[in-house]
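Below: one structure, written as structure tokens.
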Amino acid sequence: MDKVKVFLKNGEVKEYDYGVLIKDILPEINKRYIKEALAAKFNGELVDLSKKITEDGSLEIITFNDEEGKKVYLHSAAHVMAQAVKRLFPGVKLGIGPAIENGFYYDFDFPVDFSSDDLAAVEDEMAKIIKEDYPFIRRELSRQEALKLFSDLGEKYKVELIEDLPEDAVISVYEQGEFIDLCAGPHVPSTGRIKAFKLLSVAGAYWRGSENNPMLKRIYGTAFPKKSMLEEYLQKLEEAKKRDHRKLGVQLGLFSLHEEGPGFPFFHSKGMVIINELENFWRKEHKIRGYQEIKTPIILNRSLWEQSGHWDHYKENMYFTEIDNSTYALKPMNCPGAILIYKTEQRSYRDLPIRFAELGLVHRHERSGVLHGLMRVRAFTQDDAHIFMLPSQIKDEIIGVMDLVDYFYNIFGFEYMVELSTKPPKAMGSDEIWEQATNALKEAMEGKNMDYVINEGEGAFYGPKIDFHLKDCLGRTWQCGTIQLDFMLPEKFDINYIGPDGEKHRPVMLHRVIFGSIERFVGILIEHYGGAFPLWLAPVQIVILPIADRHLDYALDIKKMLEREDFRVEVDARNEKIGYKIREAEIQKIPYMLIVGDAEKEKEIVSVRKRREGDLGLVSLTEFIEKIKFERANKTVQ
RNA sequence: GCCGACGUAGCUCAACAGGCAGAGCAGCUGACUUGUAAUCAGCAGGUUACCGGUUCAAAUCCGGUCGUCGGCUCCA
């Protein structure tokens with residue numbers, strides 16, 4: 001009989017009979033794989049453990065510890081859920097059911113109403129299926145067979161999927177007990193391998209992500225090979241929710257949201273401290289980098305929006321008002337205003353690049369279901385800038401902005417993801433001009449060796465863009481910074497500069513934000529720091545806690561001295577025990593507490609307590625001030 | 001906008017299956033003069049989101065509106 005050579009990951013080469021099953025050689029590789037192996041990678045291709053080896057090749061065993069193994073596991077759990085749902089709801093039609101980060105979902109078209117109350121029943125049925133321990137059996141079918149199978153089953157969405165598969169695609173189905181599903185695989189060996197799982201939520205989701213398609217019901221869940229891992233994950237979710245900016249924002253008195261203004265946040269004085277610090281920093285850094293600050297009106301005439309293209313492309317997101325019988329709009333973007341300023345003077349090529357920066361308040365009518373605390377609102381301040389430049393300056397200007405984003409985000413200790421979005425279906429301008437702009441962005445990123453993903457067709461209607469995304473407490477990402485090239489608006493507004501040849505030329509325009517929206521950025525910051533802001537941003541930087549009434553004068557003296565150094569200081573003069581005051585200050589996440597009693601007053605020193613760290617001991621006030629001035633100036637993040 | 005859930009005091013949450021809406025924290029008043037995460041006592045606080053319906057009786061059941069939460073779509 002023929003033999004096959006198998007190259008293992010540890011460098012060993014083994015020989016087996018032709019057609020040996022991967023699962024049968026697991027014990028020889030490592031005994032722990034008998035229990036832990038979920039799938040395998042043969043010659044780089046993910047396969048089932050039940051696969052026969054019919055050629056020489058490299059073999060790698062996949063477990064839950066591998067990212068791919070985790071996906072196989074979660075996806076298998078999704079199949080178990082689908083089987084349970086089909087048992088409980090005859091006539092349900094299957095959509096798709098992939099693994100996602102930390103879980104899985106499956107989309108269903110239910111013949112009856114389905115609500116989150118029904119999840120428990122599905123979970124119970126899943127438990128049965130797991131106990132029944134059906135093997136996952138793979139079968140490969142021809143296109144005709146597959147089409148017949150799924151149309152006989154009434155699975156119209158699966159039929160649609162098969163029809164859209166490329167000509168040469170291998171079509172496979174997986175069976176477990178009475179359940180059969182179109183699936184590329186691989187899967188874990190049997191349903192019994194799913195040990196700990198939980199269904200988390202049910203949500204609507206359009207079939208294939210399009211509003212024009214029917215809405216299916218999506219059930220989200222997660223699964224782990226150990227109960228303790230599931231519990232740990234759920235615990236972590238709970239912990240993360242405590243960092244939610246909507247919760248912390250109220251607790252710390254930073255902002256509030258009211259029914260009277262959905263999507264229009266109210267900032268309290270402590271929230272304004274953070275905003276003002278961010279803006280002060282922003283102004284300083286932009287001045288250094290050659291930006292000129294401008295301010296343009298919030299309400300502008302309809303004719304401007306017609307000229308800019310917003311009237312045609314953005315109207316459903318805009319608010320309108322009437323002044324003296326003519327229509328005006330609340331600006332959804334700052335660009336047309338900046339262009340009007342550009343046009344107030346004859347510009348020379350020697351003036352370019354011109355960098356107009358504007359903290360501009362924009363209003364956008366967002367659909368009611370998308371509002372989300374400070375992250376998604378209907379009025380927000382963009383830390384905008386519009387750069388007018390020569391075509392030859394494009395690359396350097398893009399790099400300049402990318403450096404600025406990197407400089408800013410590093411100060412806050414953010415890790416960020418970069419995405420490039422290309423021409424959308426509803427766009428202004430020719431394909432050529434889009435390609436030119438898109439390539440400019442690509443070149444700049446590649447020049448900086450930046451990792452990025454491409455979002456086809458996700459660009460703004462006037463140009464392609466680079467987006468910078470940051471994560472919130474639950475790992476959801478939000479677009480913050482963005483760089484958008486624009487060849488359209490200069491055209492529409494017929495802006496120009498005089499070149500060395502004495503002729504008029506068209507400048508290129510670039511829109512960009514660093515924070516993105518100040519509101520969103522504050523939301524991200526709250527979650528990133530869990531409310532414990534670094535000293536330079538903390539609304540109250542120091543609280544002085546006198547032990548008893550007789551120490552109040554001394555506390556007020558210290559307050560004055562710190563205020564002279566421009567620190568934000570409060571004295572907790574309440575008639576309470578020191579432990580109580582400390583607790584309050586800790587909950588308010590105030591960076592420094594100064595405790596003053598008889599000893600401190602007598603020697604003119606302070607007892608320093610640091611947020612979350614505790615007692616730092618006694619120091620002189622001058623020493624303390626030096627230390628915190630340094631910390632503030634360096635924007636130290638703990 | 002769509003799917004699902006939710007909305008009770010400033011906050012966190014109770015109130016079996018329709019039968020007088022309750023607690024802790026916060027607030028106010030008083031006592032205590034306090035040493036590194038909650039001192040004690042008292043007082044006050046509500047048109048149960050809003051509108052309508054069913055009922056002898058609605059926080060509770062039904063319908064609608066608004067808002068919020070988790071998603072989808074859309075986006076900074």
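Here is the naming used below: chain letters follow the sequence lines, and residue numbers restart at 1 for every chain.
If you check every strand for non-hydrogen atoms under 4.0 Å, A:I578 touches sugar and phosphate atoms only. Residue contacts shown for A:Q251 are absent, as no nucleic acid heavy atom lies under 4.0 Å away. Counting non-hydrogen atoms under 4.0 angstrom, A:Y580 reaches the backbone sugars and phosphates but no base. Within the nucleic acid shown, A:Y220 comes within 4.0 Å of sugar-phosphate atoms alone, with no base atom in reach, counting heavy atoms only. Using a 4.0 Å heavy-atom cutoff across all strands shown, A:G614 reaches no nucleic acid atom at all. Residue A:D598 is in base contact, counting any heavy-atom pair closer than 4.0 Å across all strands shown. Contacts of A:A599 with the nucleic acid, taken as non-hydrogen atoms under 4.0 Å apart, include base atoms. Using a 4.0 Å heavy-atom criterion, one finds that A:K577 contacts the bases of the nucleic acid, with or without backbone contacts as well. Residue A:L545 is classed as having no contact, given no heavy-atom separation below 4.0 Å to the nucleic acid. No contact: A:H258 has no heavy atom under 4.0 Å from any strand.
Among the duplex regions that RNA chain B forms, those built from at least three successive Watson-Crick or G-U pairs under 3.5 Å are B:1-7 with B:66-72, B:10-13 with B:22-25, B:27-31 with B:39-43, B:49-53 with B:61-65, ordered by first number.
With the nearest nucleotide of RNA chain B identified for both A:R574 and A:G261, A:R574 has the one nearer the 5' end. Each of A:L257 and A:A548 was matched to the nucleotide of RNA chain B holding its nearest heavy atom; the match closer to the 5' end belongs to A:A548.
A close approach under 4.0 Å does occur between a side-chain nitrogen or oxygen of A:R246 and OP1 or OP2 of B:G70.
Atom name P, nucleotides B:U47 and B:U60: the rounded distance is 16 Å, in whole Å. The separation of B:A49 from B:G42, taken at their C1' atoms, amounts to 33 Å, rounded to a whole angstrom. B:C20 and B:A59 have their P atoms separated by 10 Å, given to the nearest Å. Distance noted for atom P between B:C32 and B:U36: 22 Å (whole Å). Atom name P, nucleotides B:C43 and B:A38: the rounded distance is 26 Å, in whole Å. Distance check on atom P: B:C2 versus B:A58 gives 32 Å, rounded to whole Å. Spacing of P atoms, B:U54 relative to B:C69, comes out at 35 Å, to the nearest Å.
Atom-to-atom, CG of A:L371 to C1' of B:U73 comes out at 14 Å; the value is rounded to the nearest Å. Atom CG in A:L248 sits roughly 16 Å away from atom P in B:C11 (whole-Å rounding). A:L618 places its CG atom 16 Å from the P atom of B:G35, with the value rounded to the nearest Å. Atom CD1 of A:I547 is separated from atom C1' of B:U36 by 8 Å (rounded to the nearest Å). When rounded to the nearest whole Å, the span between CD of A:E259 and P of B:G67 equals 7 Å. In this entry the distance linking OH of A:Y206 with C1' of B:C2 reads 3 Å, nearest Å.
Ring planes of A:H245 and A:H372: tilted class, angle from 30 to 60°.
Between the side chains of A:E456 and A:T422, at least one donor N or O sits under 3.5 Å from an acceptor N or O.
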Just the atom pairs and distances: protein N or O near nucleotides 74-76 of chain B's N or O, under 3.5 Å.
residue	atom	partner	partner atom	Å
B:C74	O2	A:R376	NH1	3.2
B:C74	O2	A:R376	NH2	2.4
B:C74	N3	A:R376	NH1	3.0
B:A76	OP2	A:K465	NZ	2.6
B:A76	OP2	A:Q479	OE1	3.3
B:A76	O3'	A:Q479	O	3.0
B:A76	O3'	A:Q479	NE2	2.4
B:A76	O3'	A:C480	O	3.4
B:A76	O2'	A:Q479	O	2.3
B:A76	O2'	A:R520	NH1	2.8
B:A76	N6	A:E366	OE2	3.4
B:A76	N6	A:V377	O	2.6
B:A76	N1	A:V377	N	3.2

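Within residues 412-423 of chain A, no residue approaches RNA chain B, by heavy-atom distance under 4.0 Å.
For the pair A:R283 and A:Y291, the cation-pi test (distance below 6.0 Å, angle within 45°) is failed.
Residue A:F521 is tested with A:F408, A:F380, A:F414 for a ring pair (Phe, Tyr, Trp, His ring centres under 6.0 Å); the sole match is A:F414.
Here the closest heavy-atom approach between residue A:R355 and residue A:R289 is recorded as NH1-O, 3.3 Å.
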